[in-house]
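In what follows, chains carry the letters A, B, and so on, assigned in the order in which the sequence lines appear, proteins first and then strands, with residues in each chain numbered from 1.
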Number of protein chains: 2
Amino acid sequence: MGMGRPRTFDCDAALDQAMEVFWRHGYEGATIAQLTEAMGINPPSLYAAFGSKEGLLKAALDRYTERRAAWMEEVLSAPTARDVAERMLMGVAEKQTDPANPPGCLLVQGGIACGTGSASVPFELAARRAQTEEQLRDRFARAKDEGDLKLSADPAALARYVSAVSVGMGVMASSGADRDALAQVAAVAVKAVEEQSSGRPET
Amino acid sequence: MGMGRPRTFDCDAALDQAMEVFWRHGYEGATIAQLTEAMGINPPSLYAAFGSKEGLLKAALDRYTERRAAWMEEVLSAPTARDVAERMLMGVAEKQTDPANPPGCLLVQGGIACGTGSASVPFELAARRAQTEEQLRDRFARAKDEGDLKLSADPAALARYVSAVSVGMGVMASSGADRDALAQVAAVAVKAVEEQSSGRPET
DNA sequence: TCCATATTGTAGTGCTCACTACAGATGTAG
DNA sequence: CTACATCTGTAGTGAGCACTACAATATGGA
């Protein structure tokens, strides 16, 4: 039996283009016409490859998190909790204002509130943000075990805090904040983590 | 000459209902059908009173910020920059999880990214968020003049920071974070402002 | 009372949306 | 070369969208 006509477009390259459209316009704001044009394909090819608009979003999200995995590893490998926070937040300031991408973070820009037909999208994005928060929590828990964080420090609260600041910076980036402005926010934010560190003088 | 048939619905009460729909579904996710049903009116009445869907959003935003003005005054009247930040962030944790309203903040839930037809909406929301940031900046500048903040403190950066944390907390609230979780974030965040205060021991 | 003016409810308008039927094209297997 | 399986492009599909035409209705002023 024949194996059919082979696909003529690069699936990953198309996903990158779709990612950008979702990033810039959000899930609901992105139309199939915009997506297909950016991807250089026609609607039937899109539906054959990804099943639905939501399926395409999930594939784009997978690619997005996959691309960030290496950077996240580097963040978590910082020696102290304070340095983890600094690498994370400074990196966020840089990435969210990278002119190669739309401003902000896809996991926020994708859609915070949606209509009744897309109610699951915000949950999907939240679940992916929660993964990063979990990684931070585990890393901060280790820091506490290692005596790097005070005994009174709460790793879960610190991870939520760093995650919240990242999200807030993303929203600011998408509404025009430049890299310096975000870096200033990051610098202030790191102080709070520093304050929970046991290495500080006079504690 | 006659003055026409009088309006039979309460404009402010209808705006409150519209506000809730925008808050829960975002600008693009909210449909005219949902809005009119929640407001208890028919489309022609909506368009006669507010001009367009975007006009209705702006009216709802006006009402939203007006309602927060009193609370904001109370926040800004706190004696020190640290207390301003604490009142602000703890208040945000409380308000964004108030079961009387949808979770999060209308100025974020309303729409961070929109389609090409509603591109002005995110800007509109950002401009309103910037107003709060300005109020904080002016208050922190005064705190610096009063010697309440260190000479090295940057009021604009601090205001941006508090604003960013508020926004991040709003996104977390909308994705299910409860009041305690947000209060923990707020408590950590306040430490960073505290660190910029001149009243701290051993500085 | 009768006109002018404004609101209301019904019932649409044209448009755009996500999605797909279909036929032609392009590959593999025998 | 033939049969078959899959992709590709064209051209739509019904559904839902923001918005409105229209006639009925309710007021104030002459």
Partner set under ring-ring contact (aromatic ring centres under 6.0 Å, His included) for B/F22, not counting sequence neighbours: B/Y27

Whole angstrom is fine here: how far is it from [atom1] in [X] over to [atom2] in [N]?
{"X": "B/Y47", "N": "C/dT8", "atom1": "OH", "atom2": "P", "answer": "15 Å"}
{"X": "A/R7", "N": "D/dA5", "atom1": "CZ", "atom2": "P", "answer": "18 Å"}
{"X": "A/R5", "N": "C/dT26", "atom1": "CZ", "atom2": "C1'", "answer": "5 Å"}
{"X": "B/K53", "N": "D/dC19", "atom1": "NZ", "atom2": "P", "answer": "8 Å"}
{"X": "B/L46", "N": "C/dT7", "atom1": "CG", "atom2": "P", "answer": "13 Å"}

Most 5' of B/G51 and A/F9 on DNA chain D, judged by nearest nucleotide: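 Closest to the 5' end, via its nearest nucleotide, is A/F9.
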
Partners passing side-chain contact (heavy atoms from CB on, under 4.5 Å) against [X] (at least two apart in sequence or in another chain):
{"X": "B/T80", "result": "B/R82, B/D83, B/D148"}
{"X": "B/D62", "result": "B/R128"}
{"X": "B/F123", "result": "none"}
{"X": "B/A156", "result": "B/R137, B/D154"}

Residues forming a salt bridge (charged side-chain N to carboxylate O under 4.0 Å, His left out) with A/D12, sequence neighbours excluded: A/R63

Test salt bridge (charged side-chain N to carboxylate O under 4.0 Å, His left out) applied to A/E94 - qualifying residues, sequence neighbours left out: none

B/E146, CD atom: more than 12 neighbouring heavy atoms under 6.0 Å: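 More than 12 heavy atoms, drawn from other residues, nucleotides or ligands, come within 6.0 Å of this atom.
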
Presence of B/T8 side-chain N/O under 4.0 Å of C/dT8 phosphate oxygens OP1/OP2: yes

DNA chain C contacts made by residues 22-45 of chain A, counting heavy atoms under 4.0 Å: A/A30, A/T31, A/I32, A/P43, A/P44

Of residues 107-119 of chain B, the positions that come close to DNA chain C - non-hydrogen atoms, cut-off under 4.0 Å: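 Nucleic-acid contacts, sorted: none.
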
